[in-house]
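Below is one structure, written out as structure tokens; the observations come after it.
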Amino acid sequence: MKLDSRIPQGPIETAWDNSRFEMKLVNPANKRKFTVIVVGSGLAGASAAASLGEMGYNVKCFCFQDSPRRAHSIAAQGGINAAKNYQNDGDSIYRLFYDTVKGGDFRAREYNVYRLAQNSVKIIDQCVAQGVPFAREYGGLLANRSFGGAQVSRTFYARGQTGQQLLIGAYQALEAQVATGRVTMYPRTEMLDLVVIDGKARGIITRNLVTGQIESHVADAVVLGTGGYGNVFYLSTNAKGSNCTAIWRAYKHGAAFGNPCFTQIHPTCIPVSGDYQSKLTLMSESLRNDGRIWVPKKVGDKRSPSQIPEDERDYYLERRYPSFGNLVPRDVASRAAKAVCDEGRGAGSGETALGVYLDFAESIKRLGRSTIEERYGNLFEMYERIAGEDPYKVPMRIYPAIHYTMGGLWVDYQLMSTIPGLFVAGEANFSDHGANRLGASALMQGLSDGYFVLPYTLGNYLAANKPDSLKTNAPEFAAAMDAVKDRSKQLLSIKGKRTVSSFHRELGKIIWDNCGMARNAEGLRGAISEVRALREEFWKDVNVPGSEGELNQQLENAGRVADFFELGELMCLDALERNESCGGHFREEYQTPDGEAMRDDENYQYVAAWEYKGEGNAPELHKEHLEFAYVHPAQRSYK
Amino acid sequence: MNLTLHVWRQKNTGSAGRMERYDATDVNPDMSFLEMLDVVNEGLISSGKEPIAFEHDCREGICGSCGFVINGIPHGPHKGTTVCQLHMRHFKDGDELFLEPWRAKAFPVVKDLVVDRGAFDRIIASGGYITARTGSAQDGNNIQIPKGAADSAMDAAACIGCGACVAACPNAAAALFTGAKISHLGLLPQGQAERDRRALGMVAQVNAEMFGTCTNVGECEAVCPKGISIEVIARMNADYLRASWKDRGARKESGE
Ligand SMILES: Cc1cc2nc3c(=O)[nH]c(=O)nc-3n(C[C@H](O)[C@H](O)[C@H](O)COP(=O)(O)OP(=O)(O)OC[C@H]3O[C@@H](n4cnc5c(N)ncnc54)[C@H](O)[C@@H]3O)c2cc1C
Ligand code: SF4
Ligand code: FES
């Protein structure tokens, strides 16, 4: 395998314009002769499918939910960045580019990030035109808020439901194309395999989740916009159905997997309350503006927070990072919370006490309850609904949780994977965030990929590939269908003693403990063998009830968990191989004397792209060296 | 706490369903309703029985996947809350709960508590959008929108498409859902060009989908987890009426 990143030559400011000009075009009359499969209807998938439909391609779009509008992009709260400089506070495309490269701890491609910053401006225009009800100022102009990792105010938002409104905009554009017949939508349909013929992606195998029917779909190109793989940890802020199956199947057909160990942990989530817990809920980062974070100074102090006097509290972020205090970036805040809990000083009365206090008492005293209510009312309500405690009276308890995966399928500058004809967009690819993503940048990337990159690059690929008469009766489709059916049969026939969830939960704990907020070589080696053993047990002892030919949620989940086992192992291997700390990847062996991350640019300034080498063989590591011609790598400090 | 559940079990759309009784024991008050069902399901699987099928995804009250009727109320007794965000602390030991799928001709049962809400997507496809070809937009700040209009549009746009409004309505009408979209887009300057077409197209599709006729009962507003106001229905009716008049006038003129 040779990695060709197809990064354009020349000055970064004009690189994307020039490469668009050089791309081949498909004659308008020929567009409808090409079929494009888009798997996923989140921001990336829906925006791509709608735009390709408008252009005249014949599009088939797939999602596993009952409607494309329910993709997990819907849950994004905070906002979307764009370098509009509407606030006249010194923002620019170059500044957004700079912040994103630095925020990613110098592990992303400069040319990709620059293009992202350029497209950000057009995304806002597009979404406004569609009717996305962004927040407005009294004068009727678009409003902005600030977000972590930036000194300018460039985040656009629609209350606490920005993801919902952007997705509804893309979904409506998609449905408009469905009405014209240019897009066919396949809801409740799960992609279970990729079909590669003569080295090119030519179709997919799906399961109809209502009837259980296994079907083949042929196309001239395939786009995966299937989201992130945070659910490998079992507990995450992802939706229950979020999974890695589509990208994992593609990996097994030869698509390289980029930086699998780069995952993001969000510091402010509602902590786990019991072993029945099924998911974790994010509390917006904005709370850290007015809340003070603390834990008891004494180990094992089980008193309720109101009984712990001021001088027995440790405001550990303010103590360790006096200049940034409670507003240090996500990765730093998360690790600090873990450290105090590991010492046994976690907040709360439970056995494990995994949590820290986020206390508003002082700001309520200083600003008054009504100001706090105005700023965070809906968040306080949400907290009370879930935790059953009133945060106006009792400090919130929060703990870090898995939130986003920077890793994903490796793609070149044109978003094509190492399989020709297979394109990957949104969280499913590894592209623009390096080792750490800045807040409000994922929505931007998904829409940039779908609205403003794929429509050009996919055309460039198709223009060089004449439509042919390939049909689903080709032997490759039949073979792939048989393999998919066999796998379901096998899962159903084990009839063991343990449920799918019990395996998933155990896998998640292994990955969280060893490949989560802090990692070390010994733990990672141990995790690899634990995951292997558990996976073996899964295939011997899992109990999947029901049958194939019906709606069977347990079977769906079993297939997804089976893939998480394999991906979990690759994540640990990637983390073990990267002997440095950068962004969300913190290797305990590589830290400064005061516990900060230590990057090793000399040896690790690369993208790790893993190639599958067959069952039982070790995957092969390929390295894409990263160049920094514009933003000079420097150590991040928040002291 | 311990609860008794009576749950609608139905193998698929074609077959008949019935209520079945299950015990939910040692329920932790901090669990969500769906987590309580997860635990019941784990028990069913372990004892060789088929788990209860219910729809869910985000479990944060925003995707609109979840929803069933608890003791006659869509999404259960806690106002403004989807079942995934409903916590067991709102129930007490010994409670007897009846769980049923949304009941509406336009929402056929797929299995147990899962229904087919595809009709909602088809209503949106019939006009619930603003045409804005990718790349053709002007600068976002060229369209100034008074804060009040933007806020009201956002209120209507908050709909999650869950279908509770239909389930609560004695006529199984889709007026709150459809009105919410017509209001969201109709309140914005960008939505004016297609306003008439939108109202005509969406209302025609609602009728084609076997939803009932709205008689202003108001049950929909009471159960809507996102607090969509019944005002949106008035706005839809006004838009529809106006568009129909204009349409009739235009047809007369052209001699149709
Ligand atoms: C709680 C939360 C809050 C967030 N807040 C923000 C924020 O404020 N700002 C920000 O920029 N980012 C935020 N993010 C991140 C951001 O929302 C996501 O990264 C982004 O929306 C992902 O979009 P996507 O299109 O790549 O994938 P998704 O929206 O996850 O869509 C995946 C699609 O793929 C389909 N799919 C998956 N697997 C299959 C399969 N095998 N077969 C068929 N279909 C399949 C699904 O049905 C779905 O349609 C947040 C994330 C979370 C979880
Ligand atoms: S109007 Fe309310 S009840 Fe009806 S679909 Fe929308 S959110 Fe659900
Ligand atoms: S599961 Fe998403 S709204 Fe309840």
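A, B, ... follow the sequence lines: proteins, then strands. Residue 1 opens every chain. All values reported here derive from a predicted model rather than from experimental measurement.
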| field | A:Lys495 atom NZ: more than 12 heavy-atom contacts under 6.0 Å | value | yes
Part of [X] within contact of chain B (heavy atom distance under 4.5 Å):
X	value
A:Gln77	side chain
A:Arg188	side chain
A:Lys122	neither
A:Leu551	both
A:Ala71	neither
A:Leu280	backbone
A:Phe452	side chain
A:Tyr86	side chain

| request: Write out, in numerical order, the residues from residues 177-187 of chain A with a heavy atom short of 4.5 Å from a heavy atom in chain B. | output: A:Ala179
| Which pairs, with at least one residue in residues 126-140 of chain A and sequence neighbours excluded, count as a side-chain hydrogen bond (donor to acceptor under 3.5 Å, both in side chains)? | A:Gln130-A:Tyr451
| note | Between B:Lys49 and A:Pro545, the two heavy atoms sitting closest are O-CB, 4.5 Å
| message | Which heavy atom of B:Glu42 sits nearest to which heavy atom of A:Ser501, and what is that distance? | response | OE2-OG, 3.4 Å
| said: Between B:Arg117 and A:Asp66, does any NZ, NE, NH1 or NH2 come within less than 4.0 Å of an OD or OE carboxylate oxygen? | reply: yes
| request: Considering only NZ, NE, NH1 and NH2 on the basic side and carboxylate oxygens on the acidic side, decide whether A:Arg159 and B:Asp155 come within less than 4.0 Å. | output: yes
Is it the side chain or the backbone of [X] that comes within 4.5 Å of chain A heavy atoms, both, or neither?
X	result
B:Arg133	both
B:Val115	backbone
B:Ala149	neither
B:Ile160	both
B:Pro51	side chain
B:Asp57	both
B:Asn41	neither
B:Ile123	neither

Quick one: of [options], who has the most non-hydrogen atom pairs under 4.5 Å with chain A?
options	answer
B:Asp116, B:Thr81, B:Asp139, B:Asp112	B:Asp139
B:Glu55, B:His56, B:Glu50	B:Glu55
B:Leu44, B:Asp121, B:Asn12, B:Ile45	B:Asp121
B:Gly64, B:Ser136, B:Pro146, B:Ala150	B:Gly64
B:Leu86, B:Ile145, B:Asn28	B:Ile145

With heavy-atom distances below 4.5 Å as the criterion, would you say the side chains of [X] and [Y] are in contact?
X	Y	result
A:Thr499	B:Ser46	yes
B:Asp38	A:Tyr276	no
A:Gln172	B:Ile130	no
A:Glu54	B:Thr134	yes

Nearest-0.5 Å distance, [atom1] of residue [X] to [atom2] of residue [Y]:
X	Y	atom1	atom2	value
B:Phe120	A:Arg69	CZ	CZ	8.5 Å
B:Cys162	A:Arg70	SG	CZ	8.0 Å
A:Lys240	B:Cys84	NZ	SG	12.0 Å

| task | Determine which residues belonging to residues 178-186 of chain B lie within contact range of chain A, meaning some heavy atom pair is under 4.5 Å apart, and list them by number or answer 'none'. | result | B:Lys181, B:His184, B:Leu185
| field | Proximity of residues 187-206 of chain B to chain A, residues having a non-hydrogen atom under 4.5 angstrom | value | B:Leu188, B:Gln190
| message | For the residue pair B:Glu60 / A:Thr281, report whether a side-chain donor-acceptor contact shorter than 3.5 Å exists. | response | no
| Donor-acceptor pair between B:Asp30 and A:Ser273 side chains, under 3.5 angstrom | no
Heavy-atom pairs under 4.5 Å with chain B: which of [options] has the most?
options	value
A:Cys127, A:Gly169, A:Ala82, A:Ala387	A:Ala387
A:Asp125, A:Val128, A:Leu141	A:Asp125
A:Glu550, A:Gln277, A:Gln161	A:Glu550
A:Asn543, A:Val544, A:Ile386	A:Ile386
A:Ala75, A:Ala143, A:Ala176, A:Gly241	A:Ala176
A:Gly163, A:Gly131, A:Pro68	A:Gly131

| For the side chain of A:Gln164 and the backbone of B:Ala158, is there at least one donor-acceptor N/O pair under 3.5 Å apart? | yes
| request: Using atom types as modelled and distance alone, determine if a side-chain donor or acceptor of B:Gln144 lies under 3.5 Å from a backbone N or O of A:Leu142. | output: no
| message | Under the criterion side-chain contact (heavy atoms from CB on, under 4.5 Å), I'd like the reasoning laid out for A:His72 against B:Cys63: C-alpha separation, chi angles, the key distance, then a yes or no. | response | CA-CA 7 Å; A:His72 197 51; B:Cys63 75; over 6 Å; no
